[in-house]
Amino acid sequence: MNDLNLPIHIGIIMDGNGRWATKRGLKRSEGHKEGAKTLKKLCIYLNKRGIKYLSLYAFSTENFKREENEVNYLMDLFIQLFKTEFNTLKKENIKVIFSGRKEPLKDEVWLSMQTITNETKDNTGCILNICLNYGSQFEIADTTKRICQMYINKEISLDTIDPVFIQKNLYQDLPPLDLVIRTGGEMRLSNFMLFQASYAELFFTNTYFPDFNEKELEEILTTFLKRNRRFGGN
Ligand code: FPP
């Protein structure tokens, strides 16, 4: 495969954990636990494959509407993963960053996010951007507020504001998404990196996230390389 044309930035909407578990007569939490294993495998694989940026939709601002038990389980899982399980990713030279709002995350979750960010800040491999307590519409609103404040402070003029400037002022300054994959059979973006996904190639698979693997990912990459990306041109 011609690695030169591989996507620079891949986004994954990790959907189907709950259904994976229900199908097996297990608790939904078991699906999330299994999803976490898949996530680790995929990160290691994509880092080795030379992918520079990987963004994952871990928890949306709307996910706080789920049952308290499930939200608490997921928060504890995040803490455990960032504190211990992510040691493997650290050793693999992966740099972890986050996109999202702080409120209403508990201090312990926020602290574990800051710790893993600090511990991996000098790593030079794949940049793993975890969208946690994230919503794209909130991101755009928060960015707009920040830019308005710069204007009020007379730090910028109106002419400064163009798409590149907006992108640089999102939660993280990352290149645009080239490829977005959603597992679990739904065909929508669900408020995931809408600005960054403007020209992304979209792939939807029925596979539930815990069953998603390197082989299917490689098939998607092969199809991606065959697509003709025109960016609005001919
Ligand atoms: C969506 O499946 C998945 C989530 C809301 C959680 C994703 C979390 C993980 C994979 C755990 C580890 C993550 C990180 C970043 C450390 P769903 O529950 O909506 O599944 P369903 O549509 O079948 O109900």
Side-chain angles (χ1 to χ4, degrees), residues 10-47 53-90 92 94-101 104-106 108-117 119-120 126-136 171-172 180-193 204-214 216-217:
I10 299 179
I12 306 183
I13 303 176
M14 310 179 287
D15 199 13
N17 290 348
R19 280 166 288 162
W20 181 92
T22 308
K23 206 175 107 187
R24 287 166 175 73
L26 301 169
K27 285 194 273 179
R28 289 175 59 81
S29 53
E30 291 299 317
H32 295 312
K33 198 157 91 185
E34 209 55 33
K37 289 186 197 159
T38 301
L39 170 151
K40 264 177 66 185
K41 274 193 289 185
L42 294 179
C43 290
I44 292 170
Y45 181 76
L46 285 174
N47 181 42
Y53 300 90
L54 173 63
S55 287
L56 298 177
Y57 208 0
F59 195 88
S60 74
T61 40
E62 290 71 31
N63 285 155
F64 274 109
K65 293 181 201 145
R66 290 188 177 199
E67 274 189 27
E68 204 183 331
N69 270 350
E70 186 171 349
V71 172
N72 288 340
Y73 179 86
L74 275 168
M75 293 300 145
D76 288 344
L77 180 65
F78 292 144
I79 295 170
Q80 185 216 326
L81 289 168
F82 302 149
K83 275 192 179 164
T84 55
E85 293 278 316
F86 268 39
N87 275 330
T88 335
L89 302 191
K90 208 190 317 180
E92 293 282 332
I94 293 170
K95 177 173 171 166
V96 182
I97 58 173
F98 291 91
S99 292
R101 285 183 153 186
L105 290 174
K106 289 197 180 122
E108 203 189 347
V109 181
W110 187 249
L111 201 68
S112 70
M113 290 159 69
Q114 285 182 318
T115 306
I116 188 70
T117 304
E119 285 175 355
T120 60
C126 180
I127 295 178
L128 172 61
N129 172 43
I130 301 178
C131 297
L132 203 165
N133 191 22
Y134 174 87
S136 186
Y171 291 145
Q172 297 289 350
V180 174
I181 302 166
R182 180 173 187 147
T183 61
E186 310 287 355
M187 298 232 246
R188 52 177 174 261
L189 288 177
S190 299
N191 209 9
F192 176 67
M193 301 185 89
F204 300 97
T205 165
N206 289 329
T207 307
Y208 294 145
F209 186 69
D211 286 333
F212 190 65
N213 58 24
E214 295 93 330
E216 192 170 359
L217 183 59

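Ligands are counted one by one from 1 in listed order, and the atoms in each one are counted from 1 as well. The structure presented is a predicted model; accordingly, all values stated were derived computationally and were not measured.
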Using heavy atoms and a threshold below 4.0 Å, how should the contact between Leu39 and ligand 1 be classified: side chain, backbone, both, or neither? side chain
For ligand 1, the portion of Lys40 having any non-hydrogen atom under 4.0 Å away: neither
If we number the atoms of ligand 1 from 1 as shown, the ones under 4.0 Å from a heavy atom of Leu81 are 12 (C), 16 (C)
Under 4.0 Å from any heavy atom of Ile130, which atoms of ligand 1 are there? 15 (C)
Any N/O of [X] closer than 3.5 Å to an N/O of ligand 1?
| X | answer |
| --- | --- |
| Asp15 | yes |
| Gly18 | yes |
| Asn17 | yes |

Is the shortest distance from a heavy atom of [X] to ligand 1 less than 4.0 Å?
| X | answer |
| --- | --- |
| Lys33 | no |
| Gly184 | no |
| Glu186 | no |
| Phe59 | no |
| Asn63 | yes |

If you measure from CG on Leu54 to CD1 on Ile127, what distance do you get to the nearest 0.5 Å? 11.0 Å
Kindly compute the distance separating OG (Ser190) from CD (Glu62), expressed to the nearest 0.5 Å. 9.0 Å
Passes side chain to side chain contact (heavy atoms under 4.5 Å, CB included), Val71 versus Glu68? Steps please. CA-CA 5 Å; Val71 172; Glu68 204 183 331; 5.7 Å; no
Between [Y] and [X], is the closest basic N to carboxylate O distance under 4.0 Å?
| X | Y | answer |
| --- | --- | --- |
| Glu108 | Lys83 | yes |
| Glu34 | Lys37 | yes |
| Asp211 | Arg19 | no |

Nearest neighbour in protein (non-hydrogen) for [atom]:
| atom | result |
| --- | --- |
| atom 21 (P) of ligand 1 | Arg19 NE, 3.6 Å |
| atom 7 (C) of ligand 1 | Ala58 O, 3.4 Å |
| atom 19 (O) of ligand 1 | Arg66 NH2, 2.7 Å |

Crowding at NZ, Lys106 (>12 non-hydrogen neighbours, <6.0 Å): no
Should we say atom CD of Glu186 is surrounded by more than 12 heavy atoms from elsewhere, each under 6.0 Å from it? yes
Classify the angle between the aromatic ring planes of Phe86 and Phe82 as parallel (below 30°), tilted (30 to 60°) or perpendicular (above 60°). perpendicular
